[in-house]
Amino acid sequence: MSHTINTDATILNQLPQNFQNALPNVVADKIANLEAGNEMWLLPPLVDLCARLREPGQQQHGTLESEGRAARANGFLHVVIPPDTNPILENGSLLKGLRERALEDGGIYLHILGALTAGLEGERPSNIAGLKKGGCIAVSNARRPFQNDLVLLRTLEYAATFGMKVFFYPDEPSLSGDGVAHEGYIASYHGLQGIPWIAETVALSTQLLMVEETGIAAHFSQLSCKSSIELMRWAKSKKLPVTCDVAMHQLYLTDDNLEGFNSMAYVLPPLRSNTDQKALLRGLRDGTIDAICSHHEPLNSTAKKAPFAESTPGISNFDTFMALACQLVKDEVLTLEQLVDKICLNPAKIAGISEQYQNIGGAVVVDPNLEWQVTSESMLSNGKNTPFFNQTLKGRVVETFFG
């Protein structure tokens, strides 16, 4: 599915046949004639399982056009968005227009998670039948809580009757409270209210038991701590219908990056400890973690200027994603083929879009050794909120061939 390009290889032939067939002849000719003097990677299009494009409802931070174009230029052709927009994504009849605008304005295929409960209030099921008819790939309550576990159980049973997958973002609000950082030395030293790792793991364990009871297919997004990975190993050993992902920044940042009240590193779920980070890398390597998402959350220039706890959480990740992906291969966490599974093929399967993905096709050319500095000018997203700002990274998408 991927290949290291060199002067002895016809790089077009390294794409799967169905991806080759989807490319117009003029594009195929261009790929075939690319200069291959340097090491290059030829990949299928990237699939992102969680990004917030800020439209509808928060266009001061980004739009379908701005973030769609940033996604596309950085190799993402397919993007999944959670339902906690404004208005909340719970009306199936309105979703077609949103997908059409994402494709027309931003050049990306948008895949929508519908609201699992009405208004995401966690009290009663949403109109799941209408959401399925409207083309939702799955349903989710985002990071919003359920009124109680009985509501969660009944809602999952209801979703199961429609064969809908559920995306979870595990968090127990009674434990996370108003926390803004991983509960540990760094938070304590800075006087920041902590979020204990158990806030994620308690929620995850409850949700896994509900999955076991109802048999519903579930995906767990943005796991961040060691115990969560251990629970996922248990769930998979029991053959539960579950998958999980991790946000790319969690693999290379820890709560150490909060030193000096660095609000650019403020994200939810929070950056965890070095021990958690190592566990995530092990889970990625051994296959417990199925995919890597961007968890892209662009913010305008004022959102991070308040004191740490009062600033807005989120990291703009489209632009830095590929550099960190390249680093995973250089650090021998993953092989190139495994990386393609984590950022292309597995996400398409998890989102239930494999057939569409194969039919649309496309190709991404990556220079894994290209050095570039993260600046306002080099970042394509409207959001410049990244802890990597002004750093020199290595690896970037240099060309995309999307129909």
Side-chain angles (χ1 to χ4, degrees), residues 22 45-73 76-121 124-142 144 155 158-167 169 216-217 219 221 293-294 296-298 318 344 347-362 381-382 400 402-403:
L46 278 60
V47 180
D48 194 355
L49 286 173
C50 185
R52 287 180 169 84
L53 307 185
R54 301 307 190 187
E55 186 180 354
Q58 292 185 312
Q59 285 92 321
Q60 73 272 26
H61 299 305
T63 64
L64 291 174
E65 180 176 7
S66 70
E67 304 315 298
R69 293 187 183 280
R72 185 181 173 98
F76 293 100
L77 186 58
H78 300 267
V79 176
V80 176
I81 62 169
D84 52 348
T85 54
N86 185 18
I88 289 166
L89 301 177
E90 59 182 341
N91 187 338
S93 63
L94 300 180
L95 303 184
K96 181 180 178 182
L98 196 61
R99 289 193 297 268
E100 288 176 346
R101 284 198 294 113
L103 187 57
E104 292 170 3
D105 297 346
I108 59 170
Y109 292 88
L110 196 65
H111 307 283
I112 298 171
L113 303 179
L116 177 58
T117 63
L120 295 179
E121 293 177 357
R124 58 185 176 83
S126 65
N127 181 8
I128 294 177
L131 289 169
K132 183 173 184 177
K133 185 177 181 181
C136 280
I137 63 164
V139 288
S140 176
N141 225 49
R144 307 285 182 86
T155 302
Y158 184 62
T161 64
F162 296 99
M164 290 292 279
K165 179 176 283 190
V166 174
F167 276 50
Y169 304 81
I216 197 165
H219 178 72
S221 190
C293 71
S294 77
H296 176 70
E297 295 186 298
F318 281 155
C344 304
K349 292 176 187 175
I350 290 165
I353 61 167
S354 290
E355 184 176 353
Q356 180 189 18
Y357 179 70
Q358 299 283 348
N359 289 339
I360 292 170
S381 168
N382 266 12
T400 59
F402 299 151

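Quick caveat, the model's predicted, so the values are computed rather than measured. Quick note: residue numbers are just sequence positions, from 1.
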Between atom [atom1] of [X] and atom [atom2] of [Y], what is the distance when rounded to the nearest 0.5 Å?
| X | Y | atom1 | atom2 | result |
| --- | --- | --- | --- | --- |
| E104 | E65 | CD | CD | 11.5 Å |
| N127 | K132 | CG | NZ | 13.0 Å |
| L95 | I137 | CG | CD1 | 11.5 Å |
| Q58 | T63 | CD | OG1 | 13.0 Å |
| F167 | L116 | CZ | CG | 12.5 Å |

Contact between [X] and [Y] at the side-chain level, heavy atoms closer than 4.5 Å - yes or no?
| X | Y | value |
| --- | --- | --- |
| I108 | L53 | yes |
| C293 | P347 | no |
| T400 | L77 | no |
| C136 | M164 | yes |

To check you understand the geometry: which heavy-atom pair defines the closest contact between [X] and [Y], and what is its length?
| X | Y | answer |
| --- | --- | --- |
| I81 | A51 | CG2-O, 3.3 Å |
| L64 | A102 | CD1-N, 4.1 Å |
| C344 | V47 | O-CG2, 3.6 Å |
| L49 | H219 | CD1-NE2, 3.8 Å |
| C50 | S294 | O-OG, 3.5 Å |
| I216 | A160 | CD1-N, 3.7 Å |

Mind checking what makes side chain to side chain donor-acceptor pair (under 3.5 Å) contact with [X], not counting sequence neighbours?
| X | result |
| --- | --- |
| H111 | H78 |
| D105 | none |
| S126 | none |
| T155 | none |

Can you list everything that forms a side chain to side chain contact (heavy atoms under 4.5 Å, CB included) with N382? Sequence neighbours excluded, please.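 Result, side chain to side chain contact (heavy atoms under 4.5 Å, CB included) vs N382: S66, E67.
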Are the side chain of [X] and the backbone N or O of [Y] linked by a donor-acceptor pair below 3.5 Å?
| X | Y | result |
| --- | --- | --- |
| R72 | G107 | yes |
| R54 | P298 | yes |
| K96 | G135 | no |
| Y357 | P45 | yes |
| Q59 | G57 | yes |

Give me the one residue out of L131, V139, L89 that meets side chain to side chain contact (heavy atoms under 4.5 Å, CB included) with I112.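 Per the side chain to side chain contact (heavy atoms under 4.5 Å, CB included) rule, the option paired with I112 is L89, out of L131, V139, L89.
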Tell me the salt bridge (charged side-chain N to carboxylate O under 4.0 Å, His left out) pairs involving residues 77-95, sequence neighbours left out?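 Sorted result for residues 77-95: R52-D84.
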